[in-house]
S.K.: 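Once you've had a glance at the structure underneath, I'll fire off some questions.
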Amino acid sequence: MVNNVEPVDPREMQALQRYLQEFGQQVEVYSQQLQLIDEGRMEAMAAIETLKSIGASSFDEEVVLLQLGGGASVRAKIVEPQRVLLNIGSDVIVERGNPEAIEYLQDRITEMEASGKKVAETIDRIRTQMNEIARRIEAGYQQSQSAASQSGQG
Amino acid sequence: MNQISPKVQNQLAMLQQIQQQMQNVMAQKNQYEMALREAKRAVEELADVPEEGNVYMSVGTVMMQKKKEYVVLNLTEKQETLDLRIKSLEKQEKMLQGKFEQIQAQVKQAIDGPGTPSAA
């Protein structure tokens with residue numbers, strides 16, 4: 001047991017608090033990224049489902065409801081269900097066949113899943129560091145309490 | 001507890017400011033790097049499109065049909081611009097890093113004291 005407890009340097013405690021705050025902000029940013037990736041993945045999955053049902057339709061010109069926003073829709077005919085216009089990034093759109101477009105989206109989902117895994121791992125790593133810092137702050141606080149009570153007795 | 005001199009306090013504030021600037025530069029660099037990766041990927045995807053294939057580009061709120069050749073050229077130029085911006089930000093980042101280390105060393109020296117003998 002330590003008898004002479006050294007008072008904790010408040011600057012060190014302040015620095016640890018600051019690190020904890022910065023790590024917290026980083027976790028927030030990465031969590032937002034993870035959410036965006038997840039949303040993108042869900043969107044791509046929904047698009048695949050739509051493309052599959054459009055492609056498998058037995059009608060020549062399938063009628064769908066084209067949503068205009070605000071709950072308003074108009075009837076629209078899909079004149080070429082086998083031709084899909086696909087955004088490949090950088091504001092460039094190319095024409096693909098229905099199965100190729102599905103394949104492209106599936107590849108994107110795989111990539112997003114890999115990115116999501118990496119981001120989740122980073123979040124876990126930062127949280128471990130945060131726990132370690134919180135533990136050190138707690139230990140420092142205990143130490144300062146002991147030092148205060150010792151000086152009170154002496 | 002030793003008092004921190006106004007000079008050191010000022011240097012600490014500068015360190016914080018530089019750190020903030022470095023974070024901003026890094027965030028901007030990340031954005032440009034992402035855009036560059038996206039442009040490269042789009043060029044790769046365009047390689048599979050036939051020369052006379054339908055390619056559209058977003059112009060304002062509409063998508064205009066363009067020749068594949070034009071789109072590839074446009075993307076290549078975009079990549080070059082992004083590359084230059086990234087390099088410029090890297091230079092800025094390096095400069096800030098150097099400045100940070102220099103002030104950090106000065107602060108350390110001020111706190112530890114020049115040539116302080118180790119406690120016996």
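Quick note on labels: first sequence line is chain A, next is B, and so on, each numbered from 1.
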S.K.: Considering only heavy atoms, which portion of B:Val55 lies under 4.5 Å from any heavy atom of chain A: side chain, backbone, both, or neither?
M.R.: both
S.K.: Assess whether atom CZ of A:Arg83 is packed by more than 12 heavy atoms of other residues, nucleotides or ligands within 6.0 Å.
M.R.: yes
S.K.: Return yes when atom CD of B:Gln9 has more than 12 non-hydrogen atoms of other residues, nucleotides or ligands closer than 6.0 Å, and no otherwise.
M.R.: yes
S.K.: Distance check, rounded to the nearest 0.5 Å: A:Ile88 atom CD1 versus B:Asp48 atom CG?
M.R.: 9.0 Å
S.K.: If you group Ile, Leu, Val, Met, Phe, Trp and Tyr by side-chain heavy-atom gaps below 4.5 Å, do A:Met130 and A:Met13 land in one group?
M.R.: yes
S.K.: Suppose a student defines contact as a heavy atom less than 4.5 Å from any heavy atom of chain B. Which residues in residues 95-108 of chain A would they list?
M.R.: A:Glu95, A:Arg96, A:Tyr104, A:Arg108
S.K.: Are B:Tyr70 and B:Val43 linked, directly or through other ILVMFWY residues, by side chains that come within less than 4.5 angstrom of each other?
M.R.: yes
S.K.: Given the rule that I, L, V, M, F, W and Y join up when any side-chain heavy atoms are under 4.5 Å apart, are B:Met26 and B:Leu36 in one cluster?
M.R.: no
S.K.: Less than 4.5 Å to any heavy atom of chain B: does that hold for the side chain of A:Leu86, its backbone, both, or neither?
M.R.: neither
S.K.: With a sphere of 6.0 Å drawn around CE of B:Met95, does it hold more than 12 non-hydrogen atoms of other residues, nucleotides or ligands?
M.R.: yes
S.K.: With hydrophobic residues grouped by side-chain heavy-atom distances under 4.5 Å, do B:Ile103 and B:Met22 end up in a single group?
M.R.: yes
S.K.: Tracing side-chain links under 4.5 Å among I, L, V, M, F, W and Y, which residues wind up in one group with A:Leu36?
M.R.: none
S.K.: Under 4.5 Å between side-chain heavy atoms, hopping through other hydrophobics if needed: is there a path connecting B:Ile111 to B:Phe100?
M.R.: yes
S.K.: Is the count of non-hydrogen atoms from other residues, nucleotides or ligands lying under 6.0 Å from B:Gln65 atom CD greater than 12?
M.R.: yes
S.K.: Heavy-atom distances under 4.5 Å only: say whether B:Gln79 touches chain A with side chain, backbone, both or neither.
M.R.: neither
S.K.: Measure distances from B:Lys66 to the heavy atoms of chain A and classify the residue's part below 4.5 Å as side chain, backbone, both or neither.
M.R.: neither
S.K.: Checking B:Arg41 now: which residues fulfil salt bridge (Lys or Arg N to Asp or Glu O under 4.0 Å) with it, not counting sequence neighbours?
M.R.: A:Glu111
S.K.: Would you say CD of A:Glu43 has more than 12 non-hydrogen atoms from neighbouring residues, nucleotides or ligands within 6.0 angstrom?
M.R.: no
S.K.: Specify which of B:Glu45, B:Lys68, B:Met63 makes the most heavy-atom pairs with chain A at under 4.5 Å.
M.R.: B:Glu45
S.K.: Decide if atom NZ of B:Lys29 counts as having more than 12 heavy atoms of other residues, nucleotides or ligands within a radius under 6.0 Å.
M.R.: yes
S.K.: A quick test of your reading: do over 12 heavy atoms of other residues, nucleotides or ligands sit less than 6.0 Å from OH of A:Tyr30?
M.R.: no
S.K.: Where do A:Ser90 and B:Glu38 come nearest, in terms of heavy atoms and distance?
M.R.: N-OE2, 2.5 Å
S.K.: For chain B, which residues from residues 44-53 of chain A have at least one heavy atom closer than 4.5 Å to it?
M.R.: none
S.K.: Kindly indicate whether the side chain of B:Gln23, heavy atoms from C-beta on, has any atom under 4.5 Å from the side chain of A:Gln25.
M.R.: no
S.K.: Exactly one of A:Ile93, A:Asn87, A:Val94 should register a side-chain contact (heavy atoms from CB on, under 4.5 Å) with B:Tyr56. Which one does?
M.R.: A:Ile93
